[in-house]
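Accompanying notes for the structure given below.
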Amino acid sequence: MSEKNKHPHKNGLKRGLKNRHVQLIAIAGTIGTGLFLGAGRTINLTGPSILLVYTLTGGFMYLMMRAIGEMLYYDPDQHTFINFITKYLGNGWGYFSGWSYWISLICIGMADITAVAKYVQYWFPTWPSWAIQLVFLAILSSVNLIAVRIFGEVEFWFAMIKIVAILALIATAIFMALTGFETPHGAVGLHNIFDNFSLFPNGWVSFVMAFQMVFFAYQAIEFIGITTSETANPRQVLPKAIKEIPLRIVLFYGGSLLAIMTIIPWRQLSATESPFVTVFQLAGVKWAAALINFVVLTSAASALNSALYSTGRHLYQIALETPNKLLLKLGANKLSRQHVPQNAILVSVATIALAALINVLPGVSDSFSLIAASSSGVYIAIYTLTMIAHLRYRKSEDFLSDGYLMPAYKILNPLTMVFFSFVFVTMFLQESTLKGAIGSVIWIVILGLYSQYKFKNKN
């Protein structure tokens, strides 16, 4: 590491993340917990054509990352891509995006800590959920508060567990197919995928609805961009991490889904059980359920760890750019001796800890479910604003012509925004996402108008 990279940059954060940390964090951000638990549900929805849904959605998420990557390559000192929305679309939209993104991440963190408790109770059913949540929060808070390199090291090993589980699944499928392995469902082979193939086996509506489910499986893929300001040699590390996203999508999502459907005919897959558990049980692993429970536990803990990292950095950024009395009183605009936004992280931790209380209050729990669902739609709005900011960047004097450029941006950038709009519309087609879609519209309109009014003379 060069002498320059040992010291904090102009925003105070220290470049403590190494290349191996960033590459594995990028993989972890690409692979969601939903792959291990929800793959059966998505496959049931539209059969083998789910591969097309994952590929198309992954392709557009990659294009968004190319836009973010281009702007971060130009200015790697920014500790969040939200800063570019502020810079190119004005303080109003920056304020809207900053608070919306922070609240959305808080909701994700609350969902993650609830999931962690559920997975721990698989082994210890008598342990109270609230106690498990608080213990895990305390542990992962410590990881985030000590130093960014400790966070990177923990995320590295969390990601490694997910990767090994997926590679083991793919290797199992290949072995079964090559040896003519017989399961209670019949012989293992590609015929389980291609026999009587239909693009819309359950109708085109099911195919369309699959997009929003898969889209949210990719949610948080942008997390790799948040690590840039604390990465050594960001202009070398970031392009490499983003360029490998398509390969990760094909290998981890495409490979695992192909493996599952090769072993078990897709129509016989359970929509409620993890197909990973089923596959390993068929392979003779009697403790498969416990194994996958461990994998999803570490996956949820990884997501929570990342949420604490992100919420702390975003609240720190908000406190710097649009300070208010409460944030200043809490010291959210200050860094610790380790160059970590300690107070901002602690505020975020305290907010996420409310999940322990929310889960035991039925009325509040229902309201939280609506807010969490609404945040998913708000995510789409933030992604869209990011793409608009990229278009503005391209037309600005800041444009770095020899930077890490998004290909064919004049066509692919607007096309990506059209895709995001399409996903948002699909949220209105399913009863389980309808309330969230309506809630997100209300959120966007009210906070959007307030933000524009608040900064109408400051842009």
Side-chain angles (χ1 to χ4, degrees), residues 29-65 100-101 103-105 107-108 110-112 115 199-223 245 249 252-254 256-257 266 269 271-272 274-275 299 303 368-387 414-445:
T30 308
I31 307 168
T33 306
L35 175 63
F36 298 100
L37 295 178
R41 184 183 173 199
T42 53
I43 292 172
N44 259 275
L45 199 60
T46 191
S49 59
I50 194 66
L51 290 166
L52 178 61
V53 178
Y54 268 98
T55 302
L56 284 174
T57 307
F60 283 111
M61 297 302 278
Y62 168 67
L63 290 175
M64 180 190 73
M65 288 307 303
S100 293
Y101 195 66
I103 293 170
S104 296
L105 288 172
C107 289
I108 291 173
M110 286 181 165
D112 290 333
L199 190 61
F200 310 122
N202 295 325
W204 68 269
V205 174
S206 293
F207 178 77
V208 168
M209 285 195 305
F211 278 92
Q212 58 90 10
M213 293 174 64
V214 172
F215 179 87
F216 295 120
Y218 283 115
Q219 195 168 290
I221 195 174
E222 77 285 349
F223 174 64
I245 287 176
I249 290 170
F252 295 117
Y253 280 102
S256 57
L257 292 172
W266 72 270
L269 273 170
T272 57
S274 167
S299 182
F368 167 67
S369 298
L370 176 59
I371 293 171
S374 300
S375 70
S376 297
V378 175
Y379 239 97
I380 297 177
I382 296 169
Y383 285 165
T384 302
L385 288 170
T386 302
M387 300 306 292
L415 192 61
T416 302
M417 287 191 281
V418 169
F419 176 76
F420 290 159
S421 300
F422 159 72
V423 173
F424 189 80
V425 170
T426 64
M427 291 179 66
F428 290 88
L429 300 178
Q430 200 169 4
E431 187 177 347
S432 62
T433 55
L434 179 59
K435 288 183 179 179
I438 295 172
S440 62
V441 170
I442 296 171
W443 183 339
I444 292 166
V445 170

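Predicted model, so just to flag it, every value in this text is computed and none were measured.
- Between T42 and A39, the closest heavy-atom pair is OG1-O, 2.9 Å.
- A 4.5 Å side-chain heavy-atom check between Y379 and S440 finds every atom pair outside the cut-off.
- When the side chain to side chain contact (heavy atoms under 4.5 Å, CB included) test is applied to V445, the partners found at least two apart in sequence or on another chain are V441, L449.
- Looking at residues two or more places apart in sequence or on another chain, you find a side chain to side chain contact (heavy atoms under 4.5 Å, CB included) between A210 and L45, T46, I50, V53.
- Here the straight-line distance linking atom CD1 of I108 with atom CD1 of I103 works out to 12.5 Å at 0.5 Å rounding.
- Of all the heavy atoms in S49 and P201, the pair that sits closest is OG-CD, 4.4 Å.
- M64 and I221 make their closest contact through CE-CG2, 4.1 Å (heavy atoms, listed as atom of the first residue, atom of the second, distance).
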> Between S375 and W443, is a side-chain contact (heavy atoms from CB on, under 4.5 Å) present by the stated rule, with each step listed?
Replying inline: CA-CA 9 Å; S375 70; W443 183 339; 4.0 Å; yes
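- One finds the OG1 atom of T386 at 10.0 Å from the CE atom of M65 (value rounded to the nearest 0.5 Å).
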Side chains of residues 419-431: which donor-acceptor pairs under 3.5 Å do they make with residues two or more places apart or in other chains?
residue: S421; atom: OG; partner: M417; partner atom: O; Å: 3.0
residue: T426; atom: OG1; partner: V423; partner atom: O; Å: 2.5
residue: Q430; atom: OE1; partner: Q212; partner atom: NE2; Å: 2.7

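- Taking 4.5 Å as the limit, some side-chain heavy atom of F216 sits within range of a side-chain heavy atom of I380.
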> Would F207 and L52 count as a side-chain contact (heavy atoms from CB on, under 4.5 Å) if you check the C-alpha gap in whole Å, the side-chain angles of each, and the deciding distance to 0.1 Å?
Replying inline: CA-CA 10 Å; F207 178 77; L52 178 61; 4.0 Å; yes
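- Partners of L269 according to the side chain to side chain contact (heavy atoms under 4.5 Å, CB included) rule, which considers only residues two or more places apart in sequence or in another chain, are I43, N44, I260, I264, P275.
- The two residues S100 and V378 come nearest to each other via the heavy atoms CB-CG1, 3.6 Å.
- With sequence neighbours left out, the side chain to side chain donor-acceptor pair (under 3.5 Å) criterion links Y101 to E222.
- No side-chain heavy atom of L63 sits less than 4.5 Å from a side-chain heavy atom of L415.
- For L51, the side chain to side chain contact (heavy atoms under 4.5 Å, CB included) partners two or more places apart in sequence, or in a different chain, are L257, L258, M261.
- In this structure, the side chains of Y383 and F60 stay at 4.5 Å or more apart for every pair of heavy atoms.
- Side-chain atoms of Y218 come within 3.5 Å of backbone atoms of Y54 as a donor-acceptor pair (strictly under, hydrogens ignored).
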